[in-house]
Participant: 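Got a structure for you, questions after.
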There are 2 protein chains.
Amino acid sequence: MGEGDRIAIPSVVDVVVDELRALILAGTFGPGERLIEERICERFGISRPPLREALRVLQREGLVSSRPRRGYSVISLSDDDVREIYSLRGALERLAAELAVPVADENALSPLEEAIGAMRTAASDGDDSAMLAANVAFHSAFVALADHSRLQQSYELLRSQLQLCMAQNLRFRQHRTGDPWDVVRRHESLLERVRGGDVQEVVAELAEHGDRSFLRQEQ
Amino acid sequence: MGEGDRIAIPSVVDVVVDELRALILAGTFGPGERLIEERICERFGISRPPLREALRVLQREGLVSSRPRRGYSVISLSDDDVREIYSLRGALERLAAELAVPVADENALSPLEEAIGAMRTAASDGDDSAMLAANVAFHSAFVALADHSRLQQSYELLRSQLQLCMAQNLRFRQHRTGDPWDVVRRHESLLERVRGGDVQEVVAELAEHGDRSFLRQEQ
DNA sequence: CTATTGGCTTTTGTAGACAATAGTCTTACA
DNA sequence: TGTAAGACTATTGTCTACAAAAGCCAATAG
């Protein structure tokens, strides 16, 4: 026995963390909104202890903040916060490139190809939401190439914060998508450089890549 | 009223997080050791809910791991983990350098000077423990120059994991300190480059700095 | 009419108890 | 004697309940 097919039985806390995060990222709970424990408990049909553990986790993830004896509330990101997120993200992607390139086996790149395929479909359909999802998928897959669990974890954290920012930017006019096909082209170019195997070129491409979709004010 | 001198009354959870982390980093709880909730509650004189919240936080920090229905235990770091930590730390320090250099006001560098002063004292006294503390203080102060809260937070996380690793390396023979004065010299050199204001030079110095004290096996 | 104080409500922080599960030891059977 | 099934113990997962603190509203005094 013990062939690695052990099923994972999630605890209530795990489920609540995912559910709450989804609700926050979807904008169901707006920026700065207070999260009254009892309300949420009633909503989810659970008791407070697991909810409180879940809130602690989300606090650590940077999605909610807690003031002692004043409870939890959804954070609202300032422009400085967004700049922090982008600069850190850039540093992480650069490390990912340095560790991943040159890529050992070609098969590892298939998730990137698939993401680009999804981008093309989205660009044809004019589906901005799908475009965004594919973009995120590409970058996550790119970081995954580095095979570095801590790097990936840190990256996912920033990703969710960016997603939160997007949810809070109700006025993200087509999330500043100039030309969707330009986005596709940039990612194709990046993948090409990855295939090329020259770390310097990939890093340079990343630096120029400059995907600042979520930034409210330029520079 | 309201002059910003509001005192912070920490919750039990906050205190427990700090205390538990200290105990783990001090090696009181060894690698892989199970953390029985009731024992710790009795030890601290608290009840289980706040302890559980604290354990969730430490899990997020990467100091303990939890297996469903099998409770929490102190993580034990593999060599690969240590390599991950070092590579990520390097990327974060590079970002810090790029953001901080050139330094606007000279006064910001005084923590670095103080840390080097402490290093000199420690080197004279042959106090390896103080040497290590000063080393950590220098790097933390360096990262703080970037004025980037998320960067600093990520860095502190890695720092505590490194500290955990050190606690677990009971056989860290003088933590591989070749010559303490060499360490002092390297940090002096780094500070000089920071003063110089050339980002490239600082980054290059950092890359060469290569402080791999905690690594068990070279490469 | 305004400011301050007192009580009241809402919400969080903590405690204790119960139920369920995993690990372990014993015992019975092959 | 070895193996497997069962019960038992220890520990976690969850819930209900109580106590304490913060914010709000009204009432009263200046």
Side-chain angles (χ1 to χ4, degrees), chain A residues 1-21 23-24 28-61 63-75, chain B residues 1-21 23-24 28-60 63-76:
Chain A
M1 65 179 91
E3 277 149 24
D5 52 356
R6 294 187 57 138
I7 60 172
I9 294 134
S11 69
V12 173
V13 177
D14 296 327
V15 176
V16 170
V17 166
D18 290 339
E19 191 65 25
L20 253 186
R21 181 170 36 219
L23 286 177
I24 291 174
T28 307
F29 298 111
E33 184 172 341
R34 284 192 60 186
L35 299 172
I36 309 299
E37 298 182 2
E38 203 156 347
R39 304 273 175 74
I40 302 175
C41 287
E42 196 177 358
R43 180 172 186 160
F44 287 171
I46 57 168
S47 75
R48 284 179 51 218
L51 174 69
R52 285 176 62 84
E53 290 183 27
L55 285 171
R56 286 276 175 202
V57 171
L58 292 177
Q59 180 187 8
R60 263 352 237 197
E61 289 189 10
L63 293 183
V64 306
S65 67
S66 97
R67 294 165 62 190
R69 318 200 176 279
R70 228 173 285 189
Y72 293 86
S73 50
V74 179
I75 63 162
Chain B
M1 66 176 92
E3 279 150 22
D5 52 356
R6 294 187 56 140
I7 61 172
I9 294 134
S11 70
V12 172
V13 177
D14 296 327
V15 177
V16 170
V17 166
D18 290 340
E19 190 65 25
L20 254 185
R21 180 169 37 217
L23 285 177
I24 291 174
T28 307
F29 297 111
E33 184 171 343
R34 284 193 61 186
L35 299 173
I36 309 299
E37 299 181 3
E38 202 156 349
R39 304 274 174 77
I40 302 174
C41 287
E42 197 177 358
R43 178 171 186 160
F44 287 171
I46 57 169
S47 74
R48 284 180 52 215
L51 174 70
R52 285 176 61 85
E53 290 183 27
L55 285 170
R56 285 279 177 201
V57 171
L58 292 177
Q59 181 187 7
R60 272 342 243 201
L63 292 183
V64 307
S65 67
S66 95
R67 293 165 64 189
R69 321 211 168 271
R70 229 172 286 189
Y72 293 86
S73 50
V74 179
I75 63 163
S76 59

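As the structure is a prediction and not an experimental result, all values here were calculated from the model. In what follows, chains carry the letters A, B, and so on, assigned in the order in which the sequence lines appear, proteins first and then strands, with residues in each chain numbered from 1.
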Participant: Counting neighbours of CD on A:Glu38 that are heavy atoms of other residues, nucleotides or ligands and sit closer than 6.0 Å, is the number greater than 12?
Facilitator: no
Participant: Take nucleotides 8-19 of chain D nucleotide by nucleotide from the 5' end and write B, S or -, depending on whether a protein heavy atom sits under 4.0 Å from the base, only from the sugar-phosphate, or from neither.
Facilitator: ---SBBBBB---
Participant: Output all residues satisfying salt bridge (Lys or Arg N to Asp or Glu O under 4.0 Å) with B:Arg60, sequence neighbours left out; order by chain, then residue number.
Facilitator: A:Glu61
Participant: Less than 4.5 Å apart, side chain to side chain, heavy atoms only: is that true for B:Phe44 and B:Leu23?
Facilitator: yes
Participant: Sorted by first residue and then second, give each side chain to side chain donor-acceptor pair (under 3.5 Å) pair with at least one member in residues 39-51 of chain A; sequence neighbours left out.
Facilitator: A:Glu37-A:Arg48
Participant: Identify which one of A:Val13, A:Leu20, A:Asp14 satisfies the side-chain contact (heavy atoms from CB on, under 4.5 Å) criterion when paired with A:Val16.
Facilitator: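 Testing A:Val16 for a side-chain contact (heavy atoms from CB on, under 4.5 Å) against A:Val13, A:Leu20, A:Asp14 leaves exactly one candidate, A:Leu20.
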